[in-house]
Amino acid sequence: MATVEIGRTRPASGGNAAAKVRRTLITVAYGLVLPISIVAFWSWLAGTGEFSASQLPSPGDVLWAAGDLASRGVLLDHILISTQRVITGFGIGAGLGVILGSAVGLSPLIGRFLQPTIGAIRAVPSLAWVPLLLIWLGIYEPPKLTLIAIGAFFPVFTTVAAGFRAVDRNLIEVGRAYGKSGIALVTGVLLPAAAPTIFSGIRLGLAQSWLFLVAAELIASSKGLGYLLIDSQNSARTDILFLVIILLALLGKLTDFVVSLVEKRVLRWV
Amino acid sequence: MPIAETLRTADIHVAPASVRLDAVGKSFGKAGQSVDVLTNISLEVAAGEVVVLLGPSGCGKSTLLRLIAGLETATVGSVTIDGHEVTGIDTRCGVVFQEPRLFPWKSIEDNVVVGARGARSSETVAALLAAVGLSGFEKHLPRQVSGGMAQRAALARGLAGFPGVLLLDEPFAALDALTRLTMQDLLLDVAQETGATVVLVTHDIDEALHLADRIVVLGERGQGIAEIVTVDHPRPRDRSHPGLAPLRDELLARFGIHP
Ligand SMILES: Nc1ncnc2c1ncn2[C@@H]1O[C@H](COP(=O)(O)OP(=O)(O)O)[C@@H](O)[C@H]1O
Ligand SMILES: [Mg+2]
């Protein structure tokens, strides 16, 4: 059949592999400009001699501190325990957030039951739970994981619920008109339609998890990056303070990157 | 292979389905301040008949289709298909909406398969995609094709289930003039070959004259059916047949245009 329509068509794949690699490299290069400038400026500032090492350590000092801690075998321990806490707490909190957010977003009835209560709990500044958590759950892992889970839960819950509610009615109608209902409608239409929002909620929750990890470890711990912050503050080891802050930035970025890879795979159509 | 032949080879026929509207009325809004969109619509569409709805914007054409599909419930009166009352979404109907409404996460091909509702035969899906001019675009995502192509994919999806009743809401409005003519003939081919009943909404009088066994002209919103025009011309119709001219003039006059 001859169609005379001039379509706005794009190729199905996004160009060849080499072009893709080049685009990625360019993106990375752009992203590195600012961090490199900051380190250069910092290096220069520390080298002026205006500041003492405990006020502003040089990048070299920080690297040396990293090497020192690593050679004593403790740096990796701190990193691993913190990462493990984040992953566990985030898993629990985001999991509950997805489940309850889906229930509230999909069922107006459940929404009416749960929404006011969850909204009220959310209004409590999350750190206000800390004393209670310490009394109820002791000072070891459970209160920390709970606090991180609380931090991850709310952004995930809110975005997932909103994501399901915002699904285009017209698409749902198409699904129903072509014979889908119940679970098939949820998995076949609502879930894919809400998936982009669900992912953005998950990424917000992950960022919150790192925030709450530091809060949890600052309060009571003998291991982890938050503990290392407190410990180096007490011993005036500004170099280690800088190191921990940089590590938190890198770890937060890294975990977000991992999720973004999953997201790209799942949301290939976006 | 032309679609008619594919359907013949696959021996696809639908259960004949007549559509009957009995004093149907539809109002929107809360009691007290509701708007009567449709009042006292009675219409019988025979199995295999092609009925075209014409009428001014906002007169309730889409609403009428939605009532037959079971996507809306009549405020009064009843809708029956093949003698059985329509309650809730009726899977005997295939709907082509005014907008393409493709699932953005599915390829063009998979969107058409949705219309086949599991009874998928990859041959008929491929034949339909070819018939709407989308061969080679099977794996494209909806966002990668033009609006006209998306609308044609939606047409293929509506046809793919071979429903007893095909309900089409301005299905060709977004297409360029030539493609529109091809798609009209495709619809007629499929309807004729499978025996489907067709109710189609359009603004295009020539389209109505080419497709319809009967043209149902709706009045302004809430005024019901203004007129039913029978188009008693053999098929395949010649679009420029002089015999259609008086009907065309009559319909144009109805809409205030005097040739
Ligand atoms: N779900 C709805 N709620 C309220 N009003 C509606 C709804 N659907 C349609 N209407 C109203 O009914 C009238 C007819 O709409 P529609 O059937 O879409 O007209 P048409 O397709 O003939 O242009 C319009 O005034 C529209 O605003
Ligand atoms: Mg309409």
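By convention in this document, chain letters (A, B, ...) are assigned in the order of the sequence lines, proteins followed by strands, and residues within each chain are numbered from 1. Only a predicted model underlies this, so the values are computations on that prediction, with no experimental measurement involved.
The neighbour count for B:Phe28 CZ, taken as heavy atoms of other residues, nucleotides or ligands under 6.0 Å away, is above 12. Within 6.0 Å of the CG atom in A:Leu254, the count of heavy atoms belonging to other residues, nucleotides or ligands exceeds 12. Atom CD of A:Gln115 is surrounded by more than 12 heavy atoms from other residues, nucleotides or ligands within 6.0 Å. More than 12 heavy atoms of other residues, nucleotides or ligands shown are found within 6.0 angstrom of CZ on B:Arg235.
Once rounded to the nearest 0.5 Å, the distance linking CZ of A:Arg176 with CG of B:Leu71 reads 7.0 Å. Expressed to the nearest 0.5 Å, how far CH2 of A:Trp269 lies from CZ of B:Arg143 amounts to 9.5 Å. Remark: A:Leu171 CG to B:Trp105 CH2 distance equals 5.5 Å, nearest 0.5 Å.
Of the two parts of A:Val270, only the backbone, made up of N, CA, C and O, holds a non-hydrogen atom closer than 4.5 Å to a non-hydrogen atom of chain B. Only the side chain of B:Arg66 comes within contact range of chain A, judged by heavy atoms closer than 4.5 Å. Both the backbone and the side chain of A:Ala193 have a heavy atom closer than 4.5 Å to some heavy atom of chain B.
Contact detail for B:Leu141 and A:Arg268: the closest heavy-atom pair is CD1-O, 4.3 Å.
The candidate with the highest count of non-hydrogen atom pairs below 4.5 Å against chain A, out of B:Ala177, B:Gly70, B:Ala154, B:Pro104, is B:Pro104.
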Pair A:Glu173-B:Val95, side chain to side chain contact (heavy atoms under 4.5 Å, CB included): steps then yes or no: CA-CA 10 Å; A:Glu173 198 171 81; B:Val95 190; over 6 Å; no
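Under a 3.5 Å cut-off, the side chain of A:Tyr178 and the backbone N or O of B:Gly94 do not form any donor-acceptor pair.
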